[in-house]
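Shown next, in structure tokens, is the structure this report addresses.
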Amino acid sequence: MLVLAIDTATPYLVLGLPHAERAIRLERRHAEMLWPELEAFLQQAGVGLGELGGIAVGRGPGSYTGLRVGIAAGLGLARGLGIPVAGVDTLEAVARRHQGPVTVIQRTRNALCYAACYVVEGSQVQVTQPPHRARFDEVVPTGLLTIDEPPSGQALAALGLAALKARPGQVEPLYL
């Protein structure tokens, strides 16, 4: 099954397929840029909408508006195409860019951040500290520290494939 991933939880618009990904720093312009970027991404990847078997949407954590843009786009596209949709963890898709212990931080306003800790071994990921909101200066990292890195579009697509097999239709935003 070919899964398209869409994530707008961070300042990046991230699009992914098993064989391609795109991350563009947009800050707060996700709604304005998502559709033209998606069209260009699919064309460049050589994939037509009819080839998609599912949609994965980043469920955060992230800003309320950012999450809503991506989730609404993913749900609308999936319903329009008659294919399933599932939510996936944005911070885990960042951690999957690395191996070993990884602390992922996405900064927010007012010296706060979203943080989580993982151990990545090959394609297996163990969550050692689930996503939570904290003061940036109070996060104690374990292993590699990554700050404000975009999630991997390919990891989002892989997480989406697993989620669609386990629990299709579940897209619960992670507001912290």
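Residue indices begin at 1 and follow the sequence shown.
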### Donor-acceptor contact below 3.5 Å, side chain Y118 vs main chain E92
yes

### Message
Whether the side chain of E21 engages the backbone of G153 through a donor-acceptor N/O pair (distance < 3.5 Å, no angle test) should be reported.
### Response
yes

### Query
Where the side chain of H30 meets the backbone of Y12, is there a donor-acceptor pair that is under 3.5 Å apart?
yes

### Task
Determine whether V14 and I24 fall in the same hydrophobic cluster, where Ile, Leu, Val, Met, Phe, Trp and Tyr are linked whenever their side-chain heavy atoms lie under 4.5 Å apart.
no

### Query
Crowded around R28 CZ? As in, over 12 foreign heavy atoms under 6.0 Å?
no

### Message
Strictly distance-based, threshold 3.5 Å: is any side-chain N or O of Q154 a donor or acceptor partner for the main-chain N or O of P18?
### Response
yes

### Query
N110 side chain to L112 main-chain N or O, any donor-acceptor pair under 3.5 Å?
no

#### Entry: Evaluation steps, side chain to side chain contact (heavy atoms under 4.5 Å, CB included), between V47 and L2
CA-CA 9 Å; V47 174; L2 185 60; 3.6 Å; yes

#### Entry: Linked, directly or transitively: L38 and V171 (ILVMFWY side chains, under 4.5 Å)
yes

### Query
Ignoring hydrogens and geometry, is there a side-chain-to-backbone donor-acceptor pair from R96 to S123 under 3.5 Å?
yes

## Note on the structure
Taking every heavy atom of V88 against every heavy atom of A163, the minimum-distance pair comes out as CG1-CB, 4.3 Å

### Task
With side chain to side chain contact (heavy atoms under 4.5 Å, CB included) as the test, would you mind laying out the steps for W35 and E39 before giving the verdict?
CA-CA 6 Å; W35 296 109; E39 184 178 355; over 6 Å; no

### Non-hydrogen atoms of L156 and A5 that approach each other most closely
CB-CB, 3.4 Å

### Message
If you count every heavy atom of other residues, nucleotides or ligands that lies below 6.0 Å from Q99 atom CD, does the total exceed 12?
### Response
yes

### Task
Measure from the side-chain N and O atoms of H132 to the backbone N and O of P130, and report whether any donor-acceptor pair falls under 3.5 Å.
yes

### Message
Apply side chain to side chain contact (heavy atoms under 4.5 Å, CB included) to residues V3 and L52 and explain how you reach the verdict.
### Response
CA-CA 6 Å; V3 175; L52 298 176; over 6 Å; no

### Query
Which ring pair (Phe, Tyr, Trp, His ring centres under 6.0 Å) pairs, counting each pair once, include a residue from residues 145-166, with sequence neighbours left out?
none

### Contacts of E149 that satisfy side-chain hydrogen bond (donor to acceptor under 3.5 Å, both in side chains) - sequence neighbours left out
H98, T146

### Query
When you look at M1 and I83, which way does the side chain to side chain contact (heavy atoms under 4.5 Å, CB included) test go after all the steps?
CA-CA 11 Å; M1 174 188 319; I83 58 177; over 6 Å; no

### Query
Distance from L17 atom CG to L42 atom CG, nearest 0.5 Å?
6.0 Å

### Message
Taking L77 as the starting point, is it possible to reach L164 by hopping between hydrophobic residues whose side chains are less than 4.5 Å apart?
### Response
no

### Query
Which side-chain hydrogen bond (donor to acceptor under 3.5 Å, both in side chains) pairs, counting each pair once, include a residue from residues 51-63, with sequence neighbours left out?
none

### Query
Hey, which of I55, I6, L4 is the one that makes side-chain contact (heavy atoms from CB on, under 4.5 Å) with V85?
I55

### Task
Provide the closest heavy-atom pair for V139 versus A134 in the form atom of the first, atom of the second, distance.
CG2-CB, 4.0 Å

### Query
Any ring pair (Phe, Tyr, Trp, His ring centres under 6.0 Å) pairs touching residues 70-90, not counting sequence neighbours?
none

### Message
For the backbone of G70 and the side chain of T8, can you confirm whether one donor and one acceptor N or O come within less than 3.5 Å of each other?
### Response
yes

### Message
Please determine whether the number of non-hydrogen atoms from other residues, nucleotides or ligands lying under 6.0 Å from atom CZ of R135 exceeds 12.
### Response
yes

### Query
Can you get from V125 to L159 by hopping between Ile, Leu, Val, Met, Phe, Trp and Tyr side chains that sit under 4.5 Å apart?
no

### Message
Checking the side chain of T103 only, and the main-chain atoms of T142 only, is there a donor and an acceptor separated by less than 3.5 Å?
### Response
yes

### Polar side-chain atom of R133 near backbone of P61 as donor-acceptor pair, under 3.5 Å
no

### Message
Any heavy-atom pair between the side chains of F136 and I147 that's under 4.5 Å?
### Response
yes

#### Entry: Selection residues 100-117 - residue pairs positive for salt bridge (charged side-chain N to carboxylate O under 4.0 Å, His left out), sequence neighbours left out
R107-D148

### Task
Can you measure from CG (L91) to CD (Q106) and round to the nearest 0.5 angstrom?
6.5 Å

### Query
At their closest point, which heavy atom of D89 faces which heavy atom of P131, and how far apart are they?
OD2-CG, 3.7 Å

### Heavy-atom closest contact (A9 atom, L67 atom, distance)
CB-CD2, 3.5 Å

### Task
Determine, using the 4.5 Å side-chain heavy-atom cutoff (strictly less than), whether L174 and V69 are members of one ILVMFWY cluster.
no

#### Entry: Aromatic F41 / basic R22 pairing, under 6.0 angstrom, 45° off normal
no

### Task
State, yes or no, whether a side-chain contact exists between V104 and L145 at a heavy-atom distance under 4.5 Å.
no

### Message
salt bridge (charged side-chain N to carboxylate O under 4.0 Å, His left out), that's the test. Do R29 and E27 meet it? Break it down for me.
### Response
CA-CA 6 Å; R29 298 179 345 186; E27 298 303 329; over 6 Å; no

### Query
Quick one: does R25's side chain get under 4.5 Å of T10's, heavy atoms only?
no

### Query
What residue pairs, at least two apart or across chains, pass salt bridge (charged side-chain N to carboxylate O under 4.0 Å, His left out) with a residue in residues 5-19?
none

### Task
Looking only at non-hydrogen atoms, find the nearest pair between C113 and I105 and report the distance.
CB-CG2, 3.7 Å

